[in-house]
Structures are given as structure tokens and as C-alpha cells.
Colleague: 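Handing you a structure now.
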Amino acid sequence: MQRVKRRLAAIMCADVAQYSALMERDEDGTLDRLKAYRTVMSSLTDRHNGRIVNTWGDAVIIEFASVTEAVQCAVDIQNELSLRNAELPDLNRMEFRVGINLGDIMVEGDDIYGDGVNVAARLQELAPRGGIMLSQSVYEQVRTKMALGFDPLGPQHVKNVSEPVETFAVRLGGRNAPEKADEHAGTAGDGPQQGTAHPDWEKDTKAVANGFEEARRWLRAQPRRVRSCVFMIGFFFVLNLLTSGLTSLWFVWPSLPFAMMLVWHLFVGRREKALDGQTQQGD
């Protein structure tokens with residue numbers, strides 16, 4: 001008997017929340033949206049060196065050799081799909097739940113099996129709509145390597161797993177919370193407390209940092225043409241600041257062609273792709 005091959009891998013399981021309700025409400029629209037969102041997921045998976053193992057119904061299993069790439073891919077997927085959902089009515093929004101686990105898997109051809117896959121599937125069931133749930137093995141690998149926030153949710157009992165699974169939710173758009181300062185530091189006679197003199201300033205700084213992080217992730221998920229347009233507009237803006245400050249905003253004119261290309265791609269181009277997809281389905 002041939003020995004089963006095994007390897008360590010990061011496994012991502014994703015599933016559409018309330019898929020049955022979406023299908024009941026609008027079968028054709030839901031199926032078209034599922035195909036479009038899967039195309040996004042496939043593109044981002046390739047970008048992060050992952051491999052789509054299987055798809056059935058509304059679910060998908062993806063394998064990664066790198067834990068960091070798996071988590072970053074999941075974040076990029078949720079951010080991109082969130083942007084697309086923002087253009088839709090609430091009842092038509094298609095939100096995925098994602099679970100990621102690092103574990104030993106069995107390999108047979110192109111398929112994978114084992115507890116490593118099972119735990120990822122159970123984590124996906126625990127994830128909130130549009131959210132990402134990690135096992136402790138994944139969290140330990142990425143907690144100091146990625147500019148993300150993590151909320152520990154404690155041990156969870158999941159189906160077909162004997163031991164409780166430690167779970168961590170990814171705080172999309174947020175970094176790890178800073179360590180709490182010693183409550184007894186800076187008491188009377190010690191002078192003003194360090195780090196608490198400007199809470200509003202610290203809050204604003206964190207908001208700006210999170211905003212830049214969200215913008216960076218959105219830009220990474222865009223095609224090269226969009227990134228090039230944004231880069232050129234930014235280049236002219238910086239050049240304007242260095243040469244004229246804000247007294248004369250001449251950067252608008254050389255940026256205009258790139259802005260037009262950006263608007264066309266984000267709005268007109270996306271609509272044309274959707275119409276092409278409907279035409280192909282009709283054929």
C-alpha cells in the first residue's frame with residue numbers, strides 16, 4: 001500500500017454567510033455575484049502564492065505554503081469584497097466568513113485531508129460575516145509580523161475535534177492594541193503620567209495610521225493600471241507641494257488624464273465586465 005503523503009500547510013476555508021437566503025431572494029444575481037467574487041479570490045490567491053484546492057457550492061478551500069501570505073490574502077480578499085459590497089443594497093451583499101489554520105495535512109493527488117483542514121473549516125463557521133478567524137498556530141506565526149489587530153476569543157469546542165481550539169479574530173483595519181500602562185504609575189508626587197497627556201492626539205494618530213493601512217491594502221488589491229494612475233497623481237501632488245506649496249494647485253492639470261483613466265476603470269470598466277459576464281451566461 002502506498003504511504004500517504006503529508007506536509008505542513010496553512011489552510012484557508014471560506015464560505016458565504018446566509019447563502020441560502022441570498023439564493024432564495026435572487027438566484028441569478030447571487031450566482032453571478034458568486035462567480036465574480038470567486039474571480040477576485042482566485043486572482044488574490046495567485047498573487048499570494050496560494051492554491052485553490054476545492055470549491056463546492058459557495059465554499060472554497062485554499063492551501064498556502066506561507067502562513068503570512070495566507071493571512072494577508074484573507075485580509076485583501078475581505079477588503080476587496082467589502083468595497084464591492086458597499087456598492088450594493090444590504091439585502092444583496094455577499095459576505096464571506098474565513099477561517100485559517102496551520103496544521104499537518106494528508107495529500108492525495110490535488111486533494112488534501114486531515115485535522116488541519118477540518119479545524120480551518122470549523123474556524124470559518126465561527127467567523128463573523130466579512131471576518132477572519134485564526135487558530136493559535138496561525139496567530140503565533142503572524143502576531144508580530146503583520147500590522148493587524150487580533151482579538152483573543154478563547155478556547156472553542158468545535159465539531160469533530162476532541163480538544164478545544166484557541167481562536168483569534170482578525171481586527172480588520174486595526175493594529176494590535178498597545179499594552180496598558182501601569183495604573184499605579186504617575187501617582188501623586190510623581191508628576192504627569194507619560195503616554196496619557198494627549199489621549200485625543202494618540203487616538204487621531206491611530207486613526208490616521210489605520211487609514212493609511214486600509215488605503216495600502218486596497219491599492220495592493222487593484223490591477224497594475226489602477227496602481228500606476230494613483231502613483232502618477234500622487235507624484236504630481238508631491239511635486240506641487242515641493243515647488244509651490246498649497247498656494248497654487250497646478251498638479252490637477254497633469255493629473256487629469258490619469259484621473260480620467262482611474263474613474264473609467266473603477267466605474268465604467270467594472271460595469272462593462274459585469275455586462276460581459278451576463279452576456280456570456282446568456283449564450
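Computation of the quantities below employed the complete heavy-atom set of this structure, encompassing side-chain atoms and omitting hydrogens, waters and symmetry-equivalent molecules. Quick caveat, the model's predicted, so the values are computed rather than measured.
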Colleague: Is the shortest side-chain heavy-atom distance between V165 and P155 below 4.5 Å?
Modeller: no
Colleague: Going by the rule salt bridge (Lys or Arg N to Asp or Glu O under 4.0 Å), which residues pair with R33 if we only count those two or more places apart in sequence or in a different chain?
Modeller: none
Colleague: Linking I/L/V/M/F/W/Y whenever any side-chain heavy atoms sit under 4.5 Å apart, do L88 and L22 land together?
Modeller: yes
Colleague: Let me confirm one number: the CD1-CD1 distance from I62 to I11, rounded to the nearest 0.5 Å.
Modeller: 10.0 Å
Colleague: Pairs in or reaching into residues 11-20: which pass side chain to side chain donor-acceptor pair (under 3.5 Å), with residues at least two apart or in two chains?
Modeller: none
Colleague: Are V117 and M12 connected, step by step, through hydrophobic side chains (Ile, Leu, Val, Met, Phe, Trp, Tyr) whose heavy atoms are closer than 4.5 Å?
Modeller: no
Colleague: Looking only at atom types and distance, does a side-chain atom of T167 sit under 3.5 Å from a main-chain N or O of G154, one as donor and one as acceptor?
Modeller: yes
Colleague: Tell me, please, which residues at least two apart from R129 pass salt bridge (Lys or Arg N to Asp or Glu O under 4.0 Å).
Modeller: E95
Colleague: If I compare all heavy atoms of A9 with all of I105, which pair ends up nearest, and what's the gap?
Modeller: CB-CD1, 3.8 Å
Colleague: Mind jotting down which residue pairs meet the side chain to side chain donor-acceptor pair (under 3.5 Å) criterion with at least one end in residues 57-66? Sequence neighbours excluded, please.
Modeller: R7-E63, R51-E63
Colleague: Keeping the roles fixed (side chain from N85, backbone from L81), state whether a donor-acceptor pair exists under 3.5 Å.
Modeller: yes
Colleague: Which residues end up grouped with V238 if you chain together Ile, Leu, Val, Met, Phe, Trp and Tyr wherever their side-chain heavy atoms are less than 4.5 Å apart?
Modeller: L242
Colleague: Could you pull out all residues at least two apart from D151 that satisfy salt bridge (Lys or Arg N to Asp or Glu O under 4.0 Å)?
Modeller: R171
Colleague: Please enumerate all residues that pass side chain to side chain contact (heavy atoms under 4.5 Å, CB included) together with S255, with sequence neighbours excluded.
Modeller: I233, F236, F251
Colleague: Please name the pair of heavy atoms, one in P164 and one in H157, separated by the smallest distance, quoted to 0.1 Å.
Modeller: CG-CE1, 3.3 Å
Colleague: Applying side chain to side chain contact (heavy atoms under 4.5 Å, CB included) to L102 and Q141, what does each step give before you reach the verdict?
Modeller: CA-CA 9 Å; L102 172 65; Q141 293 291 321; 4.0 Å; yes
Colleague: Answer whether the closest heavy-atom distance between the side chains of S135 and L123 falls below 4.5 Å.
Modeller: yes
Colleague: Going hydrophobic residue to hydrophobic residue with side-chain gaps under 4.5 angstrom, can you get from V67 over to L44?
Modeller: yes
Colleague: Scan for ring-ring contact (aromatic ring centres under 6.0 Å, His included) pairs involving residues 74-100, sequence neighbours excluded, and state none if there are none.
Modeller: none
Colleague: Roughly how far apart are I132 CD1 and L134 CG, rounded to 0.5 Å?
Modeller: 7.0 Å
Colleague: Checking the side chain of Q136 only, and the main-chain atoms of E166 only, is there a donor and an acceptor separated by less than 3.5 Å?
Modeller: no
Colleague: Check for a donor-acceptor pair, side chain of T243 on one end and backbone N or O of L239 on the other, with a separation under 3.5 Å.
Modeller: yes
Colleague: Begin from the C-alpha positions of I61 and W56 and carry the test side chain to side chain contact (heavy atoms under 4.5 Å, CB included) through to its verdict.
Modeller: CA-CA 9 Å; I61 295 178; W56 68 93; 3.6 Å; yes
Colleague: Sequence neighbours left out, what passes side chain to side chain contact (heavy atoms under 4.5 Å, CB included) with D26? Give chain and number order.
Modeller: D28, T30
Colleague: Under the salt bridge (Lys or Arg N to Asp or Glu O under 4.0 Å) definition, can you give me all pairs with a residue in residues 235-263, not counting sequence neighbours?
Modeller: none
Colleague: For D90 and R93, run salt bridge (charged side-chain N to carboxylate O under 4.0 Å, His left out): C-alpha distance rounded to whole Å, both residues' side-chain angles, the deciding distance at 0.1 Å, then the answer.
Modeller: CA-CA 5 Å; D90 290 345; R93 293 180 178 179; 3.3 Å; yes
Colleague: Working note: N101 + S137, criterion side chain to side chain contact (heavy atoms under 4.5 Å, CB included); need CA distance, chi angles, decisive distance, verdict.
Modeller: CA-CA 7 Å; N101 180 45; S137 58; 3.4 Å; yes
Colleague: Is the side chain of R25 donor-acceptor paired with the backbone N or O of L91 at a distance under 3.5 Å, no angle test?
Modeller: yes
Colleague: For A70 and F64, work out which heavy atoms get closest and say how close.
Modeller: CB-CD1, 3.5 Å
Colleague: Residues in side chain to side chain contact (heavy atoms under 4.5 Å, CB included) with P128, at least two apart?
Modeller: M133
Colleague: Without swapping roles, check the side chain of N79 against the backbone of V75 for a donor-acceptor pair under 3.5 Å.
Modeller: yes
Colleague: Are any of the side-chain heavy atoms of Q72 and H48 separated by less than 4.5 Å?
Modeller: yes
Colleague: Between CG of L34 and CE of M23, what distance do you get to the nearest 0.5 Å?
Modeller: 8.5 Å
Colleague: Less than 3.5 Å apart, any donor N or O on the side chain of D32 or Y37 sitting next to an acceptor on the other?
Modeller: no
Colleague: Who passes salt bridge (Lys or Arg N to Asp or Glu O under 4.0 Å) against D104, sequence neighbours left out?
Modeller: R6
Colleague: With the 4.5 Å side-chain cut-off for hydrophobic clustering, are M260 and M232 part of the same group?
Modeller: no
Colleague: Nearest 0.5 Å, please: how far is CD in E125 from CD in Q156?
Modeller: 12.0 Å
Colleague: Quick check for you: to the nearest 0.5 Å, what is the distance between Y113 atom OH and M106 atom CE?
Modeller: 8.5 Å
Colleague: What is the distance from atom CZ of R84 to atom CD of E80, rounded to the nearest 0.5 Å?
Modeller: 4.5 Å
Colleague: Can you get from L8 to I100 by hopping between Ile, Leu, Val, Met, Phe, Trp and Tyr side chains that sit under 4.5 Å apart?
Modeller: yes
